[in-house]
Amino acid sequence: MQNADAFNPSLMREPKDSYLTNGYSIKSWLLTKDHKRIALMYLISISVFFLMGGLYAAAIRLELLTPNTDLLQSATYNKAFTQHGILMIFFFLIPSIPATLGNFLLPLMIGAKDLALPRINLLSLYLYWIGGILTLYALMQGGVDTGWTFYTPYSTTFSNSYVMAVGLGIFINGFSSILTGLNFIVTIHTMRAPGMTWFRLPLFVWAHYATSLVMILGTPVVAITVLLLAIERVVRVGIFDPAIGGDPILFQHLFWFYSHPAVYIMILPGMGVISEVISNFSRKKIFGYEFIAFSSIAIAVFGFLVWGHHMFVSGQSIYAGLVFSFLTMVVAVPSAIKVFNWTATMYKGSISYDTPMLYAIGFLGLFLVGGLTGLFLGSVGLTVHLTDTYFVVAHFHYVMVGGQVIAYLAGIHYWWPKMTGKMYSEFWGKVSAMLVFIGFNLTFFPQFILGYQGMPRRYASYPAEFQVLNIFSTAGASVLGVGLLMPVVYLTHSIFAGKPAGDNPWMLPGLEWRCQSPPTTYNFEEQPVVTWEAYEFGEENGLDIEEARRSAGSPVTV
Amino acid sequence: MQTDWIPLFPESASSFSWQIDALYFYLIGISVAFMIPIVAAIFWFVVRYREREKFATPEEIHGSIVLETVWSIIPFIISMTIFLGGAVVYYTQYRMPDDAMQVYVVGKQWMWKIQHETGQREINQLHVPVNTKVKLTMTTEDVLHDFSIPAFRTKADVVPGRYTYLWFEATKPGTYHLFCAEYCGLNHSGMIGSVVVLEQDDFERWLQGNAASQTPVEQGRDLFENKLGCASCHAGGSGQRGAVLENIYGKEVKFVGGGTAIVNDEYLRNSILNPSSQVVEGYQPIMPTFKGQVTEEQLMALVAYIKSLSGVDASATAPSAPAAPAPAPANNMGSNSNQGGR
């Protein structure tokens, strides 16, 4: 890949000017206001955090191969699962799709030159870095062992680990989220190209609008909570610690008031990606556009009313438990609507099996399981038995990894040609999609059974009767790990040795496919005017399909 | 419900565990009923409508209000049945019976300290008779814990600064896992034990064989009359300075400056620790705090004693167990433990 590259014709054809060639100095990156460069820097940063979080996951799974604590002692194990959670949730999942794909694509999709507030966008990235570095510093100094939930009074009084430093890291990182959300909302309201009405917006944009609402309204609450935690730890004012007059349940209310909606910060953008991929790779207008768009908003709104379902056994009143259980059931409906619409979209389509579509179909299966097991956990009497067991671990990994991470991978593969101008290896892409799907199920499905058997989560050692299923889970995790590492390799390779992708490799109608790949700094040569509805695939939208077919070779028959 | 034949299925050993199992199977049934048509449709579409011509433009279909309505309403109705099922079961699990045998539980990093109403103490083990309702009154000396018995399909968090409750009626003799299910620090996964369910006779023998110390009520009376000196203000007939405690349990009290409360375990506990936070009308705020002077176990005993003054609680009618003063180690078990560095 090194020597051959010098003569690789694809490199010769490197686009005349693109956002990637507009300055090569470090300064031109660090002081850029270009949403695409910022998105790329986010992409690299979150990948680093994902890798670190993944290493912790590997350590956890290896320790759980045997019932006793042999690889990791309890102290190390407790830090491993805490840090796995903190890195994955705050520094990978929450920024994953919005900060990379959202940042890159939102202006392209609505026909804008950039986000409405480019400097604020750069500030978000710096806040993310500062929060991340502070957290990494704390982890290297000795880490935290409180669980990512930071439940009091353990986190305020009993844990000697670096709770405050990590809290500060999360606090700062929260502002990155808030500013990104703010930026998106302003952009979507004010920067749409002429003719780009609200109901012509790609559903990816709707999903990001809903996500941004949650970011703006929810994140300040976690900031306040961390601040209260700091006040209690440092000044000893009784807020959460009963020994000095506080209430530990109050912390749980505040924490979940943010952290449940945060689940929707994580999954809604993934749903947006899946709407795009399924519609575009079936070459079919999305079924029930308005229902998918408004179900995103409904999820964002109802998502704020269900935090108490994390506290069914916490000692809150049983009537509160009933109300939260009811609302949890209500929030299941918009998710079901989305799944039905995605499936119906494929009806009578022209479905290709390209890598993004394989990931998206995998998403449908895994999200179904994740969503349905959410009903188990929303059903309050059943949750008394299931909560704090591996059933919960399996459920949220089905939603967070099976849903969000797979949607993220679908999106990265889908827009990779646009972001880099290069095509990755379709073969290796398909192999990775398969491995991720199989490895994921093998890892997490046994955990549902373990959960019903009663194996508690956050246990460094466990009774021997649970071992067999844990071995399955660890074996699956190694397959999953390989599947997740492969894209790092072949995507990186494609940057240097991939075939040029062309501006619109799949002949898709979205605005992001009507500019150069990779785009120029200001995205569009001239102001685009939108005269078509979202997801219309015919030639009347100005797509030269005949020409594309000719250059792609003979018509395919699969 | 017979579940023994199902592979990888946990033992079901309480009076309500069949309800949780039934709900679980109902949900599995619903999940399968949803999964099969959707996954079948996806496979069918993916194969039937695969790309036959590159960049084809299939006919547009915009959507269907009828379908959208149908697939909104059906999931809503089904989710409501799940909600109702869960609500009924939750009510069974968390509404405490009045006629249960009392057991007191104090969690601390990383052990369970348990005392029976007849005085016997155990650590990380709970012996209970079969087919008898057992009610646990629980609190913790330090951080959150959770008393979880998977075979009984129930659990509850144990929260510092307040009492939480759990009840069950075991239906099968045997030994079952007891887990701490709420993360509590370093040795969380070591905070495990067992619940031993015995036949009635065996349980009686077990009680006899474990020489009991004072019962909680006796221990509470001892603290009240001798060790803490509560009696000097609270037991002097009409002239006493402190509140009259006889028959106070379950009554409503009015506070100076407005507000009322029902006298329950929580209220009594708080009155001992923070007396000035809730001064009852007609009394002066002169009671000193006992915070730091009583352990959680002593508080439970005091509450049990004060309740007995109102004639409440099963412990008042408990069979008299050997009441001879027990050897000191059993009596002091853990009660001098540190308070977690406060």
Go through the steps to decide whether Asn78(A) and Tyr183(B) satisfy the test side-chain contact (heavy atoms from CB on, under 4.5 Å), and finish with yes or no. CA-CA 9 Å; Asn78(A) 294 344; Tyr183(B) 177 67; 3.3 Å; yes
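- Of all heavy-atom pairs between Arg283(A) and Pro58(B), the closest is O-CD, 3.1 Å.
- Contact annotation: the side chain of Ile351(A) never approaches that of Arg48(B) to less than 4.5 Å [non-hydrogen atoms, C-beta and beyond].
- For Phe291(A), the part lying under 4.5 angstrom from a heavy atom of chain B is the side chain only.
- Remark: Ser155(A) OG to Leu144(B) CG distance equals 9.5 Å, nearest 0.5 Å.
- No part of Ser148(B) comes within reach of chain A, as not one of its non-hydrogen atoms sits under 4.5 angstrom from that chain.
- Contact of Val333(A) with chain B is made through the side chain alone, with heavy-atom distances under 4.5 Å.
- With a 4.5 angstrom heavy-atom cutoff, Ile286(A) touches chain B only via backbone atoms.
- Of the two parts of Pro463(A), only the side chain, counted from C-beta on, holds a non-hydrogen atom closer than 4.5 Å to a non-hydrogen atom of chain B.
- In this structure, chain A has heavy atoms under 4.5 Å from both the backbone and the side chain of Ile28(B).
- Among Ile42(B), Leu273(B), Ile78(B), the residue with the largest count of heavy-atom pairs under 4.5 Å with chain A is Ile42(B).
- If you measure heavy-atom distances from Ser461(A) to chain B, the contacts under 4.5 Å come from both the backbone and the side chain.
- Residue Ile318(A) touches chain B through both its backbone and its side chain, counting heavy-atom pairs closer than 4.5 Å.
- Under 3.5 Å, the side chains of His177(B) and Glu465(A) contain a donor-acceptor pair of N or O atoms.
- Looking only at side-chain heavy atoms (C-beta outward), Leu67(B) and Phe287(A) come within less than 4.5 Å of each other.
- Side-chain contact between Gln252(A) and Val159(B) is absent, with no heavy atoms from C-beta onward closer than 4.5 Å.
- The side-chain heavy atoms of Met311(A) and Asp157(B), taken from C-beta on, include no pair separated by under 4.5 Å.
- Pairing each heavy atom of Gly161(B) with each of Pro242(A), the nearest pair is CA-CB, 4.0 Å.
- Side-chain contact between Trp71(B) and Val339(A): absent, with no pair of heavy atoms (C-beta onward) separated by less than 4.5 Å.
- Between the Tyr90(B) side chain and the Phe312(A) main chain, a donor and an acceptor come within less than 3.5 Å of each other.
- A distance of 9.0 Å separates CZ in Phe83(B) from CG in Leu327(A), rounded to the nearest 0.5 Å.
- For a residue to count as touching a neighbouring chain, one of its non-hydrogen atoms must lie under 4.5 Å from one of that chain's; by this rule Ser295(A) does not touch chain B.
- Interatomic distance, Glu60(B) CD to Glu536(A) CD, rounded to the nearest 0.5 Å: 4.5 Å.
- Proximity to chain A involves both the backbone and the side chain of Cys180(B), based on heavy atoms less than 4.5 angstrom apart.
- Considering all non-hydrogen atoms of both residues, Asn187(B) and Ser74(A) come closest at OD1-OG, 4.4 Å.
- For Ile361(A), the part lying under 4.5 angstrom from a heavy atom of chain B is the side chain only.
- Going from atom CG of Asp145(A) over to atom NE2 of His188(B) covers 12.0 Å, rounded to the nearest 0.5 Å.
- Classified by interplanar angle (parallel below 30°, tilted 30° to 60°, perpendicular above 60°), the ring pair Phe376(A)/Tyr24(B) is perpendicular.
- Considering only heavy atoms from C-beta on, Ser189(B) stays 4.5 Å or farther from Tyr462(A) through its side chain.
- In this structure, the separation between CD on Glu182(B) and OG1 on Thr387(A) is 8.0 Å, given to the nearest 0.5 Å.
- The minimum heavy-atom distance between Gln453(A) and Leu8(B), with the atom names listed, is NE2-O, 3.1 Å.
- The choice from Glu11(B), Gln93(B), Met191(B) that makes the most heavy-atom pairs within less than 4.5 Å of chain A is Gln93(B).
- With a 4.5 Å cut-off on non-hydrogen atoms, Phe179(B) touches chain A through its backbone and its side chain both.
- Ring centroid separation for the pair Phe537(A) and Phe55(B) does not come in under the 6.0 Å cut-off.
- The candidate from Ser350(A), Ala460(A), Gly454(A) with the greatest count of non-hydrogen atom pairs under 4.5 Å with chain B is Ser350(A).
- Proximity to chain B (any heavy atom under 4.5 Å) is shown, for Thr345(A), by neither the backbone nor the side chain.
- Atom CG of residue Leu386(A) and atom CG of residue Leu27(B) lie 9.5 Å apart, to the nearest 0.5 angstrom.
- Across Leu372(A), Val384(A), Asp388(A), the residue that shares the most heavy-atom pairs under 4.5 angstrom with chain B is Val384(A).
- The candidate with the highest count of non-hydrogen atom pairs below 4.5 Å against chain B, out of Ile337(A), Asn341(A), Ile449(A), is Asn341(A).
- Side-chain contact between Arg153(B) and Tyr452(A) is present, with at least one heavy-atom pair separated by less than 4.5 Å.
- If you measure heavy-atom distances from Ile249(A) to chain B, the contacts under 4.5 Å come from the side chain alone.
- Between chain B and the options Leu364(A), Val369(A), Leu322(A), the largest number of non-hydrogen pairs under 4.5 Å is found for Leu322(A).
- Looking only at side-chain heavy atoms (C-beta outward), Lys284(A) and Tyr49(B) stay at 4.5 Å or farther from each other.
- Counting heavy-atom pairs closer than 4.5 Å to chain B, the top-ranked of the candidates Ala336(A), Ser282(A), Gly349(A), Ala75(A) is Gly349(A).
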Check the pair Trp44(B), Thr343(A) against side-chain contact (heavy atoms from CB on, under 4.5 Å), reporting the backbone distance first and the verdict last. CA-CA 10 Å; Trp44(B) 170 246; Thr343(A) 308; over 6 Å; no
Between Leu368(A) and Val39(B), does the side-chain contact (heavy atoms from CB on, under 4.5 Å) criterion hold? Intermediate values first, please. CA-CA 9 Å; Leu368(A) 257 176; Val39(B) 172; 4.3 Å; yes
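- For Phe240(A), no part sits under 4.5 Å from any heavy atom of chain B, backbone or side chain.
- Neither the backbone nor the side chain of Ala332(A) comes within less than 4.5 Å of any heavy atom of chain B.
- For Thr92(B), no part lies near chain A; criterion is any non-hydrogen pair under 4.5 Å.
- When heavy atoms are compared at a cutoff of 4.5 Å, Glu290(A) does not approach chain B at all.
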